[in-house]
Asks: 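This structure is in structure tokens; I'll ask about it shortly.
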Amino acid sequence: MPAQIVQLQMTRTPSIAQLRKKVAYTNGRRQVLAVAELADHLSQQHPDEARSLARDNVERARVLLAKKGADSPKLLLYRQALANALMSNAGCLHAASEYDAAARQFVEAATLLESASDWKMLLVVLDKLALLYRQLGKLTEVLTTIDRALFIARDQDMPQYLARLYAGRASVYIRQGNEQGARDAIEQALQADNRSAGAEELLQTKAALGEVYFNLQEWKPGISWYRKALPYALQLKDHRAAAVLYWQLALIYLYTEEHDKRYEALLEGQKQAEKGRLKKSEADILVELGTHSQYFGNFAAALDYFRRSERIFEEIGDEVGWVMSHSFLGHTFLEFGDRRNGERALRRSLRTILGLTPEHKLVITLGTLLDKITLNTEGWREVLDFLLRARELHEAQTWAGFIIDCNQALGRVYAKLGLSEQAEEHLLVALENSRLGKTNNRISSSLFLLGNLYAGLGRHREAIKLLHEALALAEERNYEKSQFKILALLQELHEAAGQPEQALLFLRRLYELEQKRHTRRNQEIVGRSVLQHEFKRIRNEREEALRAVEHWKEHSAALRREQREDALRIERFNNAARTWRDSLRAMLAGAGGPDAADLRSLIVAIEATLESADETQLMTTLDDDDAHFLHVLRERFPDLSQTELKVCTFIRSGLGSKEICQVLNVAPRTVETYRYRIRKKVLLDAEKDLNAFLADL
């Protein structure tokens with residue numbers, strides 16, 4: 001995984017609008033820094049505007065620096081500002097695939113930062129420059145840049161960067177085929193790993209070590225280091241890093257044939273890609289999900305995954321990705337029995353790839369096409385021309401591993417064309433380079449291809465010798481797919497050589513391997529079926545629980561409505577009783593004798609009834625949800641009377657003035673008076689709505 005040394009920012013990321021405002025209200029050196037930051041933020045969504053800003057910003061920074069004399073106390077600050085502008089411009093150029101121009105900008109920025117003694121930012125620039133050189137295939141320059149960064153990290157006592165830099169050096173050695181140098185660099189990285197500090201640095205270090213072991217095809221330590229890096233990516237919410245880590249884990253699980261773990265890793269990677277809106281990563285993962293579905297015979301799902309990835313690649317303009325996705329779509333059609341659509345898709349992929357500039361990814365993609373598509377002699381000639389151009393590119397860039405891949409592919413094509421001498425020549429070169437680089441997977445594949453060629457030429461003894469060596473390597477590294485092909489070919493060769501016992505031995509081994517693989521696949525299918533059954537059971541239980549919750553909500557709402565209606569009826573009765581009591585008291589003042597006694601007893605009964613009514617309980621009973629509302633209302637506005645609190649509750653509950661009149665047994669004008677007093681006590685402006693104000697509390 002490409003790692004970058006970046007400073008972890010714990011503050012909130014500013015918005016583009018805030019950065020534009022910052023640019024407008026600053027000048028001089030501060031404006032240069034603000035524009036650089038704005039261009040970085042615009043580079044993803046508005047690349048054209050970002051490039052224009054970054055380019056103009058570099059010129060502005062140069063002019064400002066030229067105005068400062070050699071003895072100016074702020075000279076170093078202006079050099080740092082120009083370096084920031086150059087880095088921003090380099091980032092925009094990199095995004096536009098103008099790699100050479102971006103590299104020149106980074107080199108100039110590094111020179112300025114070194115003169116300003118800004119070592120931390122210098123390491124950032126050198127790391128980005130090394131990454132850029134890797135993309136350009138300039139491995140010598142990558143090593144030079146990493147060594148320069150290592151010297152600075154040691155000289156300035158910055159040990160937290162050493163482990164990641166040593167891991168980067170190991171990756172370069174692997175690309176050059178120098179396995180011993182890579183292992184020495186790994187040892188140095190492991191020794192420095194304990195001195196790393198900070199989540200960002202730990203993420204980069206452990207991911208870089210995982211990449212090294214992945215390239216060495218040592219799967220267990222690779223898985224371990226990627227797993228160690230994942231928590232830091234999730235902690236930092238670095239969706240890009242998390243998606244790449246899950247992607248790498250899925251690739252390892254593919255090689256170790258742990259398909260359930262691979263599927264889980266791909267799903268997690270897709271989630272991270274979606275969260276980070278990483279279209280390219282999402283499309284790559286969809287391709288892998290498609291291959292997984294195809295492997296287990298789920299062709300409908302495979303077609304869906306490949307078509308979705310194809311649309312995304314087309315949307316982002318990634319022709320290499322589109323070719324890969326479309327070729328896999330063709331493979332799926334062929335597996336599904338649709339030969340017409342399958343060959344049409346593969347031929348279209350081949351025509352597209354032959355029109356692209358040779359890159360190592362195209363060579364690998366082309367290799368997948370060679371196994372499936374049936375071409376005429378003219379078609380193979382086109383492939384041959386392409387491979388020769390690709391090999392020239394790789395030799396110019398000293399990409400040792402990809403030169404081996406090209407020679408292997410050339411050997412296969414020459415064999416298809418019946419040119420056995422040329423095929424043998426290229427395969428022998430591939431085998432020799434593989435042995436020099438000590439890359440076991442390429443040694444094994446070169447031995448198999450050469451053995452297969454000799455078998456076709458009738459040179460059985462030489463073929464058997466090479467295939468036995470290839471089988472030993474495949475068994476040592478547990479390359480199960482290679483073992484199948486090698487055992488099948490050895491069985492045929494021994495049978496053709498009149499050695500039935502040896503042929504039977506290899507046939508038995510082939511059967512045992514197939515049985516083992518079949519058993520494992522059945523276990524995976526059964527395990528997945530169990531998981532699917534468990535998932536369905538949990539989903540059904542969840543749906544039942546949701547239905548129960550909805551029923552409970554409806555029942556609770558009905559109960560609350562009944563409770564509200566009962567509370568309102570009680571309130572109406574209490575208000576009517578108070579009115580009757582007042583009327584009886586007026587009648588008692590003019591009455592005498594037995595009538596007065598009857599009136600007094602009736603008044604006492606009414607008052608007893610009113611005293612038994614707990615107004616606080618009544619307010620709570622009106623609606624349980626209003627308890628918090630009443631508490632907030634009393635806390636914020638203590639001047640509100642009990643009646644005004646009731647009116648507030650009625651308004652918030654959705655009652656109109658007419659309904660409040662009926663409940664309180666008062667005239668409409670009285671309710672309006674209550675509303676006026678409430679507005680005054682809560683300091684509500686005349687243009688604001690009381691109902692909305694109370695609803696928001």
Asks: Might you work through the side-chain contact (heavy atoms from CB on, under 4.5 Å) test for V287 and F313, ending with a clear yes or no?
Replies: CA-CA 11 Å; V287 170; F313 282 129; 4.0 Å; yes

Asks: Is it the case that atom CG in N27 sees more than 12 heavy atoms from other parts of the structure closer than 6.0 Å?
Replies: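 Check fails, neighbour count at 12 or below.
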
Asks: Rounded to the nearest 0.5 Å, how far apart are CG of L289 and OH of Y263?
Replies: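 Answer for the CG-OH pair, L289 versus Y263, is 6.5 Å.
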
Asks: Closer than 4.0 angstrom, basic N to acidic O: yes or no for K271 and E268?
Replies: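 Salt bridge present between K271 and E268.
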
Asks: Counting only heavy atoms from other residues, nucleotides and ligands, does the tally under 6.0 Å from NZ of K237 exceed 12?
Replies: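 Count not over threshold, so no.
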
Asks: Please give me the minimum heavy-atom distance between A85 and V32, naming the atom from each residue.
Replies: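 Closest heavy-atom pair between A85 and V32: CB-CG1, 4.1 Å.
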
Asks: Checking the side chain of D127 only, and the main-chain atoms of L123 only, is there a donor and an acceptor separated by less than 3.5 Å?
Replies: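 Pair absent, no side-chain N/O of D127 close to backbone of L123.
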
Asks: Heavy-atom distance under 4.5 Å between the side chains of R29 and Q80, does that happen here?
Replies: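 No. Closest side-chain heavy atoms not under 4.5 Å.
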
Asks: Do the side chain of E314 and the main chain of R311 share a donor and acceptor less than 3.5 angstrom apart?
Replies: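 Such a contact is absent between E314 side chain and R311 backbone.
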
Asks: Please tell me if the side chains of D238 and Q272 come closer than 4.5 Å, counting only heavy atoms from C-beta onward.
Replies: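 Not in contact.
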
Asks: Taking the side chain as every heavy atom from C-beta outward, state whether F629 and L694 have any atom pair closer than 4.5 Å.
Replies: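 Result yes, sub-4.5 Å side-chain heavy-atom pair found.
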
Asks: With the side chain counted from C-beta on, respond yes when S657 and R675 share a heavy-atom pair under 4.5 Å apart, and no when they do not.
Replies: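 They are in side-chain contact.
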
Asks: Count the heavy atoms of every other residue, nucleotide or ligand shown that sit under 6.0 Å from CZ of R308, and state whether that count exceeds 12.
Replies: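 Atom CZ in R308 is packed in, count exceeds 12.
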
Asks: Can you confirm whether the side chains of N57 and R60 place a donor and an acceptor under 3.5 Å from each other?
Replies: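 Indeed, the side chains of N57 and R60 share at least one donor-acceptor pair under 3.5 Å.
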
